[in-house]
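Owing to the predicted nature of the structure, the values given are computational and were not obtained by experimental measurement. Remember, it's 1-based here, ligands and their atoms both numbered in the order they're listed.
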Amino acid sequence: MLPAISLRGVSKSFGAVAAVDGVDLDVTEGEFLTLLGPSGSGKTTVLRIIAGFEAPTSGQVLLGGQDVTDVPAFRRDVNTVFQDYALFPHMTVAGNVEYGLKVKGIPADERRRRTAEALEGVRLADLGGRRPSELSGGQRQRVALARALVNRPKVLLLDEPLGALDLKLREEMQVELKAIHAEAGITFVYVTHDQGEALSMSDRIAVFNRGRIEQIGPPREVYGRPATAFVAGFVGLSNLLVGDAALRTVGRAGTFAIRPEHVAVTDDGPGFDAVVTSIQYLGPDSRVHCLIDGGGTVVASGSSGRLATVTLGQRVKVSWGPESVLELGPHH
Ligand code: ADP
Ligand code: MG
């Protein structure tokens, strides 16, 4: 099967800024692919290049195996949902969703049927008669989604669509979006800077750093086997051991990461002597920061055993199994 989207050697410069720097990417049909990275890492530019709103400085864009590099946005079978989804305030919800079909000259009965279907798909079947001002933030976001889905695009591009919502609503919408993706069966390319969002929703995550893909893979792989120090630090919390601290704790030179949930804190037994320098209580678990004698800080996280009861300034042992030590590639 041909990839739904292929980028081949895509770069984009704005003056002296290399926003996108030699990106190669194949997105499988029906996949939920997330572009994850910090602000300014090139995610939106990649999305805009796929949509055709931006032409790459070099490289090619293929949709379903067809080179569309020179095809204008409106001729591409792609729809985009932005964070600041602008709904028409004077139109009803149904009117907003139907609008695009009207512009395309789709007959009225088919328009009504497809609009009802799209609203059903985002669980807004009963709210078609309301105005956007009469909806919650999450409901408005779902109208924006329905407005894109009603076109039945092969590919849906979503640029931080939940960015404007508060945490609880965002988490609910993450579950909804995932269900909508599964039902619609179309290819999603989803942009976010939120690693939790990326881990919980994606089939694969492409981690962006300075216009490049630093690692691409399923969430468990990106989290469990980060390829670089950047990925280890950006996707989840990591203890980085470099230089002298690496030599003393791991026993050889290099760059290593250990997840806080793999660090044990005990009163005695094997491990490195350390002192507790700070404690963050987070509800379900705690983070205990320990300064190892001779240098190097490690954070342990969890809810059980000693972590729940240690106190500031206490002398402890910190330890981890050799299988928890992740060896990282060099920093770009
Ligand atoms: P992200 O979406 O990951 O935050 P962007 O793709 O928006 O990143 O931006 C990548 C880089 O390109 C940033 O340094 C940004 O300032 C720059 N950039 C993006 N769009 C433009 C533009 N139209 N003109 C000039 N610079 C731009
Ligand atoms: Mg962006």
Side-chain angles (χ1 to χ4, degrees), residues 5-27 31-61 63 68-70 72-74 76 78-86 137 140-141 144-145 148 155-167 170 173-174 177 187-202 204-217 219 222-223 226-236 331-332:
I5 305 166
S6 296
L7 301 182
R8 300 211 181 128
V10 166
S11 294
K12 176 74 183 180
S13 300
F14 297 104
V17 178
V20 180
D21 189 8
V23 164
D24 291 298
L25 177 65
D26 282 330
V27 188
E31 182 173 21
F32 194 128
L33 177 83
T34 297
L35 314 184
L36 172 69
S39 173
S41 58
K43 309 178 299 292
T44 292
T45 305
V46 166
L47 216 62
R48 289 173 58 79
I49 287 171
I50 295 171
F53 299 135
E54 207 81 74
T57 309
S58 59
Q60 291 168 307
V61 181
L63 292 176
V68 298
T69 314
D70 299 317
F74 72 93
R76 299 189 189 186
V78 163
N79 267 242
T80 311
V81 177
F82 299 99
Q83 176 181 330
D84 51 353
Y85 43 93
R140 271 184 233 163
Q141 184 56 58
L145 207 56
V155 170
L156 190 62
L157 308 176
L158 304 107
D159 195 355
E160 313 237 9
L162 309 183
L165 308 180
D166 62 44
L167 179 66
R170 204 157 72 222
M173 279 299 293
Q174 288 168 12
L177 258 180
T187 309
F188 275 34
V189 182
Y190 189 94
V191 164
T192 183
H193 63 272
D194 182 325
Q195 46 115 0
E197 200 160 288
L199 288 171
S200 72
M201 291 203 289
S202 320
R204 283 191 306 160
I205 301 173
V207 184
F208 274 73
N209 182 25
R210 297 198 225 160
R212 296 173 187 222
I213 296 178
E214 195 108 359
Q215 184 172 6
I216 182 164
V222 170
Y223 184 80
T228 65
F230 175 82
V231 175
F234 195 78
V235 185
H331 209 28
H332 290 294

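In this structure, a donor-acceptor pair under 3.5 Å is absent between the side chains of N209 and S41.
Residues satisfying the ring-ring contact (aromatic ring centres under 6.0 Å, His included) criterion with Y190, sequence neighbours excluded, are F32.
Pairs of residues two or more places apart, or lying in two chains, that qualify as side chain to side chain donor-acceptor pair (under 3.5 Å) and include a residue from residues 45-56 are R48-E54.
Within the protein, the N, O or S atoms lying under 2.8 Å from the Mg ion (ligand 2) are T44 OG1.
Expressed to the nearest 0.5 Å, how far CD of E197 lies from OG1 of T192 amounts to 4.0 Å.
Using a 4.5 Å cut-off on side-chain heavy atoms (C-beta onward), V20 and P56 make no contact.
Counting heavy atoms of neighbouring residues, nucleotides and ligands inside a 6.0 Å radius, atom CZ of R204 exceeds 12 of them.
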Residue pair L162, Q141: steps toward the side-chain contact (heavy atoms from CB on, under 4.5 Å) verdict: CA-CA 8 Å; L162 309 183; Q141 184 56 58; 4.1 Å; yes

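Protein neighbours of ligand 1 below 4.0 Å, counting non-hydrogen atoms: F14, V17, A19, P38, S39, G40, S41, G42, K43, T44, T45.
Heavy atoms only, all atoms of each residue included: G211 and F208 are closest at C-CD2, 4.4 Å.
Evaluated for a side chain to side chain contact (heavy atoms under 4.5 Å, CB included) with I205, the options I216, V235, L199 yield exactly one hit, L199.
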